[in-house]
Structures are given as C-alpha cells and as structure tokens.
Engineer: 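Shown below is the structure under consideration.
Starting from 1, each residue takes its place in the sequence as its number. Whatever order the structure lists them in is the order used to number ligands and atoms, beginning at 1. The basis for the numbers below is simple: all heavy atoms, side chains too, and nothing from hydrogens, waters or symmetry mates.
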Amino acid sequence: MLRSGQGRAHMSGLVGAIDQGTTSSRFLVFDGEGREVARHQIPHAQGLPRPGFVEHDAIEIRDHVEACAAEALRKAGLRAADLACIGLTNQRETVVLWNPRTGEPWAPAIVWQDTRTADLVHDLERRGLGPMLRARTGLPPATYFSAGKIRWLLDHVPGLRDAAARGDVLCGTIDAWVVWNLTGGPGGGVHITDVTNASRTQLMGIDSLDWDDELLGIFGIPRQILPRIVSSNGDLGAVVAGRSALAGVPITAILGDQQAAMVGHGCTEPGLAKNTYGTGNFLLQNTGPVPAQSAHGLLTTVCYRFGDESAAFALEGSIAVTGSAVQWLRDQLGIIGSAAEVEGLAGQVEDAGGVSFVPAFSGLFAPYWRPDARGLICGLSRFSNKAHLARATLESICFQTRDVVEAMNADAGIAMTRLDVDGGAAANDLLMQMQADILGIPVVRPKQLEVTAFGAARAAAMVSGGFATSADRTRGGRVFEPGIDSDRREKAYAGWKRAVARALDAGSG
Ligand SMILES: Nc1ncnc2c1ncn2[C@@H]1O[C@H](COP(=O)(O)OP(=O)(O)OP(=O)(O)O)[C@@H](O)[C@H]1O
Ligand SMILES: [Mg+2]
C-alpha cells in the first residue's frame with residue numbers, strides 16, 4: 001500500500017479538510033505526517049416539514065463551513081498561510097439550485113434521505129427504465145439519487161425552468177455549492193463537481209464519466225445548469241482572497257464522504273473494503289479500474305480518480321438509517337439524552353427480548369431498494385422496555401450491515417474475512433462487539449475515527465508529495481472478535497429477515 005516517508009520526499013506544511021456532512025460540518029487540520037492537529041464541528045438544522053421531506057438550508061451550510069475553518073484555525077493558533085492545501089468531502093446526492101447572480105438558493109436543499117420523489121421513481125420503473133438506468137449509471141431507480149430531486153425542484157419551484165433558460169440557475173451537489181462559494185460565489189465562483197459526487201446524481205454515465213444526454217432527457221434537466229466534472233484531486237481552484245479564514249488556500253481534492261473514507265482507509269487496491277457508521281452506513285469495496293455490476297442489489301460507483309490517472313470504481317452497499325435511528329431514539333422518543341447513552345441503555349439487557357426494529361424511515365436501500373418500505377417495531381410484549389428497544393436499534397445497524405455483507409460476498413464469490421470500520425457510531429464498543437457476533441468475522445476499528453476527513457486531506461496532500469507515514473494513521477485501534485456460536489447467529493439473523501419481510505409490506509401506499 002502507501003509507503004512510509006523514509007527516503008521519500010513528502011509534502012511540507014499542514015493540510016485542511018472540510019467535511020460537510022448530513023448532520024454537521026467539520027474542519028480538521030492534519031500535519032505532514034497525517035496527524036490531526038485541530039478540529040471544529042458545528043451541527044446544522046434538519047428540516048422535516050412533512051413526512052418524507054428532509055431539507056437543509058444551504059446558506060447555513062455555507063456559513064458553518066466558513067465558521068468551522070475559522071474556529072479550528074483559531075484554536076490551533078494557525079492562519080490560512082499555514083495551510084499548503086485543503087481537501088473537501090461532503091454528504092452525497094443532496095442537491096442545491098441557486099441563483100449565480102445573487103448566490104441565493106432557489107429553495108431548501110433536498111437531502112439524500114428525502115423520499116418526496118417516490119412517484120417519479122415508480123414512474124421510471126413502470127416505464128421499464130430500471131435495467132437501462134442500472135447499466136448506464138450503476139444505480140437503480142431510487143429516491144436516493146440527485147436527478148429526481150433536481151427534477152422535482154424544476155417542476156415545483158415557480159418560474160424555475162424559465163430562470164434556468166435565462167441562465168439564472170446553477171445546480172450541484174454540496175461539493176459544487178461549497179466550492180462555488182469558496183472560490184468567489186457571484187464574483188467568479190468556479191462551478192465544478194468531482195467525479196465521485198457526479199457518479200451519485202444518476203445523470204453521469206458510469207463508463208463515459210460525463211453527463212449523459214439520454215439521462216438528461218429522461219429527467220428533463222438542462223445540461224447548462226450542471227457543473228463541470230473534474231478529477232478527485234489536482235489544482236481545482238483556490239479560496240478567493242478576502243474575508244474567508246481560508247483566503248488564498250488551494251483546493252486540491254474533492255470526494256464524496258464515503259469515497260473519502262475509502263482513501264482514508266487506504267482502500268486503494270481491488271478487494272479492499274470499509275464500512276462507515278454515521279447517519280447511515282456505507283460499505284464500499286474497491287473493484288479496480290472496471291465498473292463491476294452487482295447481481296445482488298449493490299451500487300456501482302466511482303471510488304476516486306486521482307489527477308489524470310484512470311478512475312477506480314467500487315461496489316457499494318448503502319444503508320439509509322443507522323446512526324440516525326439512534327438520533328430518533330434521542331429526538332423523537334426521548335429515551336436517551338445523547339447518542340452515546342445508547343450503549344449504556346442497551347447494555348442493561350442481555351438481548352432485545354424478542355423485539356425487532358426495522359428503521360426503514362426512507363424506505364429500504366441496499367440490497368432491497370424498496371422506497372415503499374416503512375419502519376416497524378415488532379415482537380413487543382408487556383415485558384419489553386426501553387433497554388430492549390435500544391438494543392434492537394443497535395442490532396438493526398448490525399443486521400443491515402450483514403445484509404450488505406451477504407450481497408458483497410455473493411457478488412465477489414468469496415467471503416469477507418474482516419470488516420474495517422470508522423465513523424461516529426463505531427465509537428460504541430457494544431455495537432462493534434454485536435457486529436462481530438452477527439457477522440462471524442473480526443471487526444477492526446482504527447484509533448482515528450474521522451477517516452472521512454482524513455481521506456480528503458490525504459487526497460489533497462497527494463498533489464504535492466503526500467503524507468509521510470499516513471499509511472499508519474488509521475491503524476492502532478481495536479479488534480472485536482466474534483463471540484457467539486453460529487447457531488445463535490443464524491437464528492437471530494433469520495428473525496431479522498422475517499421482520500424485514502414485514503417492513504417491505506408496511507407502507508400505506
Ligand atoms: N456511541 C454511539 N452509539 C451509537 N451511535 C452513535 C454513537 N455516537 C454517535 N452515534 C451516531 O453516529 C452518527 C454520527 O456519526 P458521524 O459523525 O460519523 O456521522 P456522519 O454520518 O458522518 O454525520 P454527517 O453525515 O453529519 O457527517 C449519529 O447519527 C449518531 O447518532
Ligand atoms: Mg460523515
């Protein structure tokens with residue numbers, strides 16, 4: 001994999017990473033050895049105006065990115081001039097449409113979890129476009145991807161199509177929005193998106209790596225509102241001089257968050273895989289220079305494209321609701337005060353007491369791809385209490401991961417022998433032990449869980465020599481070995497499958 005710095009010129013100076021996530025924005029600074037030297041994080045509002053709708057305020061996101069950078073630098077006594085470069089990583093698929101003259105968004109950003117486009121997806125299926133979309137983009141018809149969300153805004157925001165025809169609309173995923181603002185906004189902002197983010201829109205050909213006219217026609221989206229697709233690293237632009245805490249710093253990497261985590265883990269060879277436990281869970285496996293098609297409900301996606309090299313691809317199992325199910329226990333049910341408290345509560349009981357929880361809040365993603373599925377809790381008795389529900393929530397994270405691992409093994413024809421993990425919920429020891437038990441393979445957790453930001457910084461640093469001993473950054477953590485016998489494991493998993501079958505049937509439509 002990546003060599004150590006011994007006898008090799010590596011970059012000098014510090015590297016910044018913007019991690020614009022679903023629930024918060026972060027800015028981290030790493031030194032030339034890939035060690036974290038500063039961090040600041042600010043959560044943003046989750047707009048939930050109607051069932052199925054999930055929205056973000058793009059202006060709030062823009063301002064939080066700036067504030068995180070300013071505050072992280074201030075805490076470490078640093079200035080923009082101390083940064084050699086920055087990398088950007090972001091929540092994927094979420095779309096913003098804005099007015100390039102004013103910099104104002106035309107509407108709230110539609111978030112990847114939002115299911116308002118279910119009818120459109122149903123229509124694509126009905127017209128028999130599923131196989132063509134899968135083959136052309138690597139993605140099935142689903143509410144998850146950007147194209148339907150852009151279409152919805154063009155159809156529902158009054159006057160937007162006319163504005164687009166006048167040149168008053170730019171569109172992009174969050175990376176495009178953040179970069180356009182950092183590089184000058186209305187005063188000359190650069191309108192670009194990286195190829196990993198573009199591969200999540202369902203408007204890019206997975207073979208051509210360019211916007212596809214037939215897809216643009218199907219979704220009714222004018223090409224001129226879309227950003228230019230660029231590689232995941234290189235000289236991509238510079239933060240505009242002026243008031244920004246990052247003024248003048250070159251932007252040398254852009255990657256979707258899951259792809260950045262792949263780079264952070266060093267999954268840069270075919271066969272290497274990682275699983276990130278955040279708002280959702282995302283298991284990706286590098287498949288090398290050819291886009292592999294899944295026969296078991298996984299996505300084909302671009303893993304990264306470094307500079308002028310050819311792109312590397314990945315198979316991906318995306319799970320919409322994992323850490324956000326823990327947030328649901330906290331915010332909607334109020335049975336915990338913080339996400340971390342779920343570990344103590346679930347640890348009060350030996351098992352879930354027969355309770356199964358399928359958190360299909362956004363339908364079910366991989367490997368089912370059923371937008372009509374809805375969440376359910378079953379197996380309740382008078383004995384059930386909040387500890388059982390907390391435990392069932394953690395189990396749901398592990399069982400959903402097992403569903404995806406089964407699909408990955410079936411596609412690869414060989415079984416995974418270990419699971420490398422990261423993300424906020426991976427800090428939960430009980431969850432990691434349960435995951436090892438439910439998979440029957442070791443779960444390997446690095447010390448540094450901010451692998452997403454680290455990957456963006458690593459990709460950015462590569463442009464000027466790379467980190468020195470960066471290969472070690474995600475090591476040195478803890479291994480969780482499976483501790484239950486296979487009878488118990490398979491019986492529990494069969495119970496989960498029964499619950500999923502009912503969730504597939506739980507929608508009202
Ligand atoms: N100890 C814990 N046990 C279980 N879940 C946890 C724990 N700590 C955090 N979480 C969950 O992990 C998620 C936060 O992790 P992380 O910050 O990696 O998420 P993320 O998906 O990267 O967020 P974003 O999309 O905003 O970047 C939250 O959904 C939270 O509920
Ligand atoms: Mg994240």
Engineer: Taking all non-hydrogen atoms of both residues, which atom of Ala38 and which atom of Ala76 are closest, and how far apart?
Structural biologist: CB-CB, 3.7 Å
Engineer: Would you call the rings of Trp177 and Trp98 parallel, tilted or perpendicular, taking 30° and 60° as the class edges?
Structural biologist: perpendicular
Engineer: Can the positive tip of Arg116 be found less than 6.0 Å from the middle of the six-membered ring of Trp152, inside 45° of the ring normal?
Structural biologist: yes
Engineer: Any side-chain to backbone donor/acceptor pair from Asp429 onto Met432? Under 3.5 Å, distance only.
Structural biologist: no
Engineer: Anything with a heavy atom under 4.0 Å from ligand 1 counts, so go ahead and list those protein residues by chain and number.
Structural biologist: Gly21, Thr22, Thr23, Ser24, Arg26, Tyr277, Gly278, Thr279, Gly323, Ser324, Val326, Gln327, Ala339, Ala340, Val342, Gly423, Gly424, Ala425, Asn428
Engineer: Whether Arg92 engages the ring of Phe282 as a cation-pi pair (distance to the six-membered ring centre under 6.0 angstrom, angle to the ring normal within 45°) should be assessed.
Structural biologist: yes
Engineer: My understanding is that only residues two or more places apart in sequence, or in another chain, count here; which of them pass ring-ring contact (aromatic ring centres under 6.0 Å, His included) with His40?
Structural biologist: none
